[in-house]
Amino acid sequence: MKQKIDRLAAHLLSLSNRRERVDLFPHVNLDGDALGSALALLLALEKLSVAVRLPLDEPVPPKLDFLPALAKISPVDTAGTGWMTQPEHTLALLLDCADPQRTGKREPGCVLASERWVLDHHIARRPLGETELVDTGAAACAELVYDLLRSLEMQSGIPLLGPDEKMLLMTALISDTGGFVYSNTSARSFTIAADLIHREMDLRQITYRLFHQSSLARLRLKGYFCSQARFSFDDRIVSAAVDPATLDLYQATDDDLDGMINELKNVAGVDLAMILRLQADGQIRVNLRTSTAIDASQLAALFGGGGHPRAAGMTLEGWSLVEAETMLLQKAGDALSHPCA
Ligand SMILES: [Mn+2]
């Protein structure tokens, strides 16, 4: 991987003071790793006098609006084609993803570019080409961007890791490792973090914004949720239902429910947590989180849904909330008493 990174670095350096431009393509539904990695690389390439853009057609998620260098983003209207200026002189670099489809409506910009490179850490679903650098051992794309910046520094003699680049890469690393606790966290993650940290870096602020910041609406909704959650089957199953009127009452939105299911699942002894959300169109969205005692994907499959063994979901139609919850509790109870092999 080091040789490949060095080769990409040499190639990027060769574009210094040339008309060729680098367009950076992090995946859609930006997360801390995708955006932090892209902005750090953008700042570094600017220092090397490489023409570079970060074309985005989605707003920066509110929880990432504290990042430095956000003004460097090029907001583009992908409804038209005007944003792809001179694709024949453009190097497209995909970040934190390997397939142009993962860039959403920006996909033509990746496809029409004169050359395409990839820097990613997700498992590849196809054979990789020479210019596709994928390291599944990296906890975050930011680890690969870090290596790339160090290689660019070596080859150019120009220092590239200033406070902003360090802040962006640290945020990306914290984001993808859940604050250095997920199983992808490696000794290498800590080595890189040790090199990025400095006295002025506000780690507390980064973790607060990424993982803990709430809102009054969300807090009140959480209170309602936790107080009305129903525990059954010796407290091994917990369910909670919410309708649009309740969300209105708390001036909350559907987004405020994100992560709420983990609060229920985190209760010791709970094997299955489920949240039923009645939508404005009458459909009911159901989320499931389970311990190893129940396969969430199998339970969801009974109702045409799917997902992973520990997290799954489905959409129900033609039921009232009460009917749906009663029926689901029955099926879940069956699953508990007849655990799958
Ligand atoms: Mn990532």
Side-chain angles (χ1 to χ4, degrees), residues 1-2 4-5 8 22-45 54-70 73 92-104 106-107 110 116-126 128 131-151 161 164-193 195-197 203 206-207 209-211 258-259 308 311:
M1 183 53 60
K2 170 140 192 1
K4 288 183 172 178
I5 297 255
L8 172 56
V22 177
D23 273 356
L24 303 176
F25 290 98
H27 58 71
V28 286
N29 300 323
L30 288 166
D31 59 22
D33 186 28
L35 184 58
S37 295
L39 283 169
L41 183 52
L42 179 143
L43 291 179
L45 290 177
L54 172 50
L56 288 179
D57 59 347
E58 64 178 289
V60 171
K63 70 174 179 181
L64 295 176
D65 66 11
F66 67 100
L67 288 176
L70 290 175
I73 292 171
L93 176 50
L94 278 71
L95 290 166
D96 205 24
C97 61
D99 286 304
Q101 298 99 290
R102 288 282 293 134
T103 66
R106 290 166 295 152
E107 181 180 348
C110 302
R116 183 162 75 238
W117 289 68
V118 162
L119 208 51
D120 188 24
H121 68 124
H122 295 94
I123 295 166
R125 299 208 183 97
R126 55 176 172 75
L128 295 166
T131 61
E132 298 177 308
L133 283 57
V134 175
D135 179 0
T136 54
C141 182
E143 292 189 4
L144 302 174
V145 171
Y146 172 86
D147 289 343
L148 180 62
L149 297 201
R150 284 300 186 213
S151 179
L161 278 152
D164 284 352
E165 289 84 355
K166 287 181 173 179
M167 162 78 167
L168 289 161
L169 291 179
M170 183 68 102
T171 303
L173 199 47
I174 290 175
S175 177
D176 261 25
T177 58
F180 303 102
V181 297
Y182 297 159
S183 58
N184 60 354
T185 311
S186 69
R188 172 142 188 75
S189 314
F190 284 105
T191 305
I192 293 174
D195 193 31
L196 295 174
I197 188 101
L203 281 184
I206 297 175
T207 15
R209 291 302 307 271
L210 287 181
F211 305 123
D258 288 344
H308 307 280

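Start at 1 and go down the list; that is how both ligands and their atoms are numbered.
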**Study point:** Name of whichever N/O/S atom of Asp176 is nearest to the Mn ion (ligand 1)
**Key:** OD2

Review point. The Mn ion (ligand 1) to Cys141: any N/O/S contact under 2.8 Å?
Key: no

Revision key, fill the gap. Interatomic distance, CZ@Arg106 vs NE2@His27, rounded to 0.5 Å, equals 9.5 Å

Review point. Once you round to the nearest 0.5 Å, how far does CD1 of Ile192 lie from OG of Ser186?
Key: 7.0 Å

Practice item. Determine which of the N, O or S atoms in Asp96 is closest to the Mn ion (ligand 1) and give its atom name. Key: OD1

Revision key, fill the gap. For the Mn ion (ligand 1), the nearest N/O/S atom on Asp33 is atom OD2

Study note, to complete from the structure: Those residues at least two apart in sequence (or on a different chain) that pass side chain to side chain donor-acceptor pair (under 3.5 Å) with Asp176 are His121

Practice item. Please round to the nearest 0.5 Å and tell me the distance separating atom CE of Met1 and atom CD of Glu143. Key: 12.0 Å

